[in-house]
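Below is one structure, written out as structure tokens, with a few remarks after it.
In this text, all values refer to a predicted model and were calculated from it rather than measured experimentally. Positions are given from 1 along the sequence.
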Amino acid sequence: MKVIEAAVATPDANIAIVIARFNNFINDSLLDGAVDALKRIGQVKAENITVVWVPGAYELPLAARALAKTGKHDAIVALGTVIRGGTAHFEYVAGEASSGIANVAMTSDIPVTFGVLTTENIEQAIERAGTKAGNKGAEAALTALEMINVLKAIKA
């Protein structure tokens, strides 16, 4: 039996982080977690990390696709927060962000990870951005690094 597993450390990786400005009071923590994980655990050099800000979660897929098309990055980490409100707006934004990012992941040759919080309220978002539930930005960054190595192992 052959088993493919991969490490997280990827010191030579070039990583792009695309992040929504809307709800930046939460997203800043996601970004801090992602960058910390990339540098401290993944051993990625600061100069190999590119951060691209977009207006909101709805715009993440377009920016992720544009980044993927450049061929300059080994992975893309998408970060944002969509908090349910009193209208159906949440479903449209969260759904399109999710399916759009998934589409970029499936049509590009690099990992594109989903670090977009979709929560019922601000408290849940805060919990997932670095308190009780960990930091989903850090998790998305580490997933990107591991997937870089998994894809290399599959091709080997």
Side-chain angles (χ1 to χ4, degrees), residues 4-6 8 10 13-38 42 44 49-155:
I4 296 176
E5 293 180 305
V8 173
T10 317
N14 284 297
I15 306 298
I17 299 172
V18 59
I19 182 168
R21 194 176 316 107
F22 194 80
N23 287 325
N24 72 303
F25 66 100
I26 299 292
N27 298 343
D28 287 345
S29 294
L30 295 174
L31 178 60
D32 290 345
V35 171
D36 178 63
L38 290 172
V44 177
I49 302 170
T50 301
V51 177
V52 177
W53 288 91
V54 298
Y58 192 83
E59 291 75 30
L60 291 170
L62 177 60
R65 186 180 72 166
L67 286 162
K69 284 184 172 185
T70 69
K72 296 178 182 177
H73 307 287
D74 298 303
I76 299 166
V77 179
L79 302 176
T81 303
V82 185
I83 301 170
R84 186 179 298 279
T87 68
H89 185 74
F90 171 88
E91 281 83 11
Y92 294 115
V93 174
E96 291 304 318
S98 175
S99 63
I101 292 166
N103 182 271
V104 175
M106 294 303 297
T107 58
S108 68
D109 291 330
I110 62 172
V112 180
T113 60
F114 188 76
V116 179
L117 303 179
T118 54
T119 64
E120 294 295 321
N121 53 51
I122 292 171
E123 292 78 18
Q124 286 180 351
I126 291 169
E127 287 176 4
R128 288 160 178 74
T131 60
K132 288 186 208 175
N135 187 305
K136 300 306 177 188
E139 290 177 19
L142 295 176
T143 298
L145 295 179
E146 185 173 348
M147 284 305 297
I148 290 169
N149 291 328
V150 165
L151 292 175
K152 283 180 185 175
I154 289 171
K155 293 175 185 174

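Y58 and E96 get closest at one heavy-atom pair: CE1-CB, 3.6 Å. Here the closest heavy-atom approach between residue S29 and residue A129 is recorded as CB-O, 3.2 Å. Considering all non-hydrogen atoms of both residues, A140 and G115 come closest at CB-CA, 3.8 Å. Between N149 and T10 the shortest heavy-atom distance is ND2-OG1, 3.1 Å. Of all non-hydrogen atoms in V77 and A141, the two that sit nearest each other are CG2-CA, 4.0 Å. Contact record, F90 with I83: CD1-C, 3.6 Å, taken as the closest heavy-atom pair.
Here the CD1-CE distance, from I154 to M147, works out to 6.5 Å after rounding to the nearest 0.5 Å. Here the OG1 atom belonging to T118 is positioned 10.5 Å from the CD atom belonging to E91, to the nearest 0.5 angstrom. Distance check, rounded to the nearest 0.5 Å: CG of D36 to CG of L31 gives 11.0 Å. One finds the CG atom of D28 at 6.5 Å from the CD1 atom of I19 (value rounded to the nearest 0.5 Å). Here the OG1 atom belonging to T113 is positioned 10.5 Å from the CD atom belonging to E139, to the nearest 0.5 angstrom. Remark: L117 CG to K136 NZ distance equals 8.5 Å, nearest 0.5 Å.
Around CZ of R84, the count of heavy atoms belonging to other residues, nucleotides or ligands within 6.0 Å exceeds 12. Heavy-atom neighbours of F114 CZ from other residues, nucleotides or ligands within 6.0 Å: above the threshold of 12.
Using a 4.5 Å cut-off on side-chain heavy atoms (C-beta onward), N27 and F22 make no contact. Side chains of P111 and L151 form a contact here, defined as non-hydrogen atoms less than 4.5 Å apart. Counting heavy atoms from C-beta outward, I122 and F25 have side chains that approach closer than 4.5 Å.
Within the 3.5 Å criterion, the main-chain N or O of G56 finds a donor-acceptor partner in the side chain of E59. N23 contributes no side-chain N or O that, together with a main-chain N or O of I26, makes up a donor-acceptor pair within less than 3.5 Å. Under the 3.5 Å distance criterion, the side-chain polar atoms of S98 are left unmatched by any main-chain donor or acceptor of A94.
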Practice task
Go through the steps for I15 and I148 under the test side-chain contact (heavy atoms from CB on, under 4.5 Å), then give the verdict.
Solution key: CA-CA 10 Å; I15 306 298; I148 290 169; 3.7 Å; yes
Practice task
Take I110 and D74 through the test side-chain contact (heavy atoms from CB on, under 4.5 Å) and record every step on the way to the result.
Solution key: CA-CA 6 Å; I110 62 172; D74 298 303; 5.6 Å; no
Exercise for the section: Could you give me the CA-CA distance, side-chain angles and deciding distance for T50 and I17, then say whether side-chain contact (heavy atoms from CB on, under 4.5 Å) is met? Expected result: CA-CA 6 Å; T50 301; I17 299 172; over 6 Å; no
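Residue V116 forms a side chain to side chain contact (heavy atoms under 4.5 Å, CB included) with just one option from L60, V93, L79, and that option is L60. Checked against P61 for a side chain to side chain contact (heavy atoms under 4.5 Å, CB included), the options V54, I101, V18 give a single hit: I101.
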